[in-house]
Amino acid sequence: QVQLVESGGGVVQAGGSLRLSCAASGGGISIMGWYRQAPGKQRELVAFITSGGMPNYADSVKGRFTISRDNAKNTVYLQMNSLKPEHTALYSCTVRKYGDAYWGQGTQVPVSS
């Protein structure tokens with residue numbers, strides 16, 4: 001079992017930045033990533049990063065968001081810059097451990113215009 005603790009969400013003005021963090025309990029974590037679900041829309045992948053540090057991004061966030069991880073802390077980060085109101089969503093962390101997926105409860109990121 002893996003527990004995920006997310007932090008860093010909150011209201012931000014358009015053009016601002018936020019850094020989300022997600023700490024996972026235990027070891028053996030492979031893929032770590034972030035999804036988001038905007039109001040009235042389906043959940044979508046934002047970015048993920050392999051255990052070797054290779055990042056992958058949704059086209060919509062390339063050049064604006066940066067994912068990184070600290071393997072010693074089992075923590076994944078999502079740096080979000082130049083935020084827009086359309087980035088408003090519930091951002092959820094997910095990790096894979098031995099093929100199983102685990103999810104955090106999510107953190108709200110409302111972007112005000």
Side-chain angles (χ1 to χ4, degrees):
Q1 195 73 8
V2 176
Q3 292 186 334
L4 303 176
V5 179
E6 296 150 325
S7 60
V11 179
V12 61
Q13 287 190 333
S17 298
L18 274 181
R19 188 193 195 205
L20 306 182
S21 300
C22 174
S25 62
I29 304 295
S30 56
I31 301 291
M32 306 183 84
W34 293 92
Y35 279 74
R36 67 185 177 189
Q37 187 167 19
K41 295 186 177 180
Q42 291 187 331
R43 186 171 60 188
E44 63 176 358
L45 173 69
V46 176
F48 67 89
I49 186 167
T50 67
S51 57
M54 182 69 70
N56 290 269
Y57 299 95
D59 288 342
S60 59
V61 304
K62 285 180 179 177
R64 191 185 300 274
F65 291 5
T66 302
I67 191 170
S68 60
R69 65 188 286 171
D70 184 333
N71 289 334
K73 296 180 179 180
N74 281 339
T75 299
V76 61
Y77 306 95
L78 186 69
Q79 178 67 45
M80 305 185 293
N81 297 328
S82 302
L83 286 163
K84 299 180 178 181
E86 53 260 43
H87 296 135
T88 293
L90 176 70
Y91 286 74
S92 299
C93 169
T94 183
V95 303
R96 284 198 174 269
K97 178 175 179 176
Y98 305 135
D100 292 326
Y102 299 87
W103 292 86
Q105 291 187 329
T107 183
Q108 292 284 356
V109 178
V111 182
S112 63
S113 57

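Counting from 1, the numbers follow the sequence of the chain as shown.
Looking at Lys97 and Asp100, no side-chain N of the basic residue comes within less than 4.0 Å of a carboxylate O on the acidic one, giving no salt bridge.
Of all heavy-atom pairs spanning Asn74 and Met32, the tightest one is O-CE, 3.6 Å. Across Ser92 and Gly106, no two heavy atoms sit closer than the pair OG-CA, 3.6 Å. The shortest heavy-atom contact between Ser82 and Ser17 is N-OG, 4.1 Å. The minimum heavy-atom distance linking Asn56 with Met54 is given by the pair ND2-O, 3.7 Å. Nearest approach of Thr107 to Leu20, heavy atoms of both residues: CG2-CD2, 4.0 Å. Contact detail for Ala24 and Leu4: the closest heavy-atom pair is CB-CD2, 3.4 Å.
Phe48 and Ile29 are not part of a single hydrophobic cluster, where members link through side-chain heavy atoms under 4.5 Å apart.
Using a 4.5 Å cut-off on side-chain heavy atoms (C-beta onward), Ile31 and Val95 make no contact. With a 4.5 Å cut-off on side-chain heavy atoms, Leu78 and Leu18 do not count as touching. The closest side-chain heavy-atom distance from Ser112 to Val12 is not below 4.5 Å. Using a 4.5 Å cut-off on side-chain heavy atoms (C-beta onward), His87 and Phe65 make contact. Two residues are said to be in side-chain contact when any heavy atoms from C-beta on lie closer than 4.5 Å; Tyr98 and Val2 fail this criterion. Inter-residue side-chain proximity for Tyr57 and Ile67 is flagged as met; some heavy-atom pair is nearer than 4.5 Å.
Figure legend: cation-pi geometry between Arg19 and Tyr77, with NZ or CZ positioned under 6.0 Å from the six-membered ring centre and within 45° of its axis.
Judged by distance alone, the side chain of Thr88 and the main-chain N or O of Val111 form a donor-acceptor pair under 3.5 Å. A distance-only check finds a donor-acceptor pair linking the side chain of Arg69 to the backbone of Thr50 [under 3.5 Å]. Distance alone, capped at 3.5 Å, is enough to place a donor-acceptor pair between the Ser25 side chain and the Gln3 backbone. Of the possible donor and acceptor atoms, one in the side chain of Glu6 sits under 3.5 Å from a partner among the backbone N and O of Gln105.
Thr75 and Asp70 share no donor-acceptor pair across their side chains, judged by distance under 3.5 Å alone. Under 3.5 Å, the side chains of Arg36 and Tyr91 contain a donor-acceptor pair of N or O atoms.
To the nearest 0.5 Å, atoms CD (Glu44) and CH2 (Trp34) are separated by 15.0 Å.
Under the 6.0 Å cut-off for aromatic ring centres, Tyr35 and Trp103 qualify, their centroids lying closer than that.
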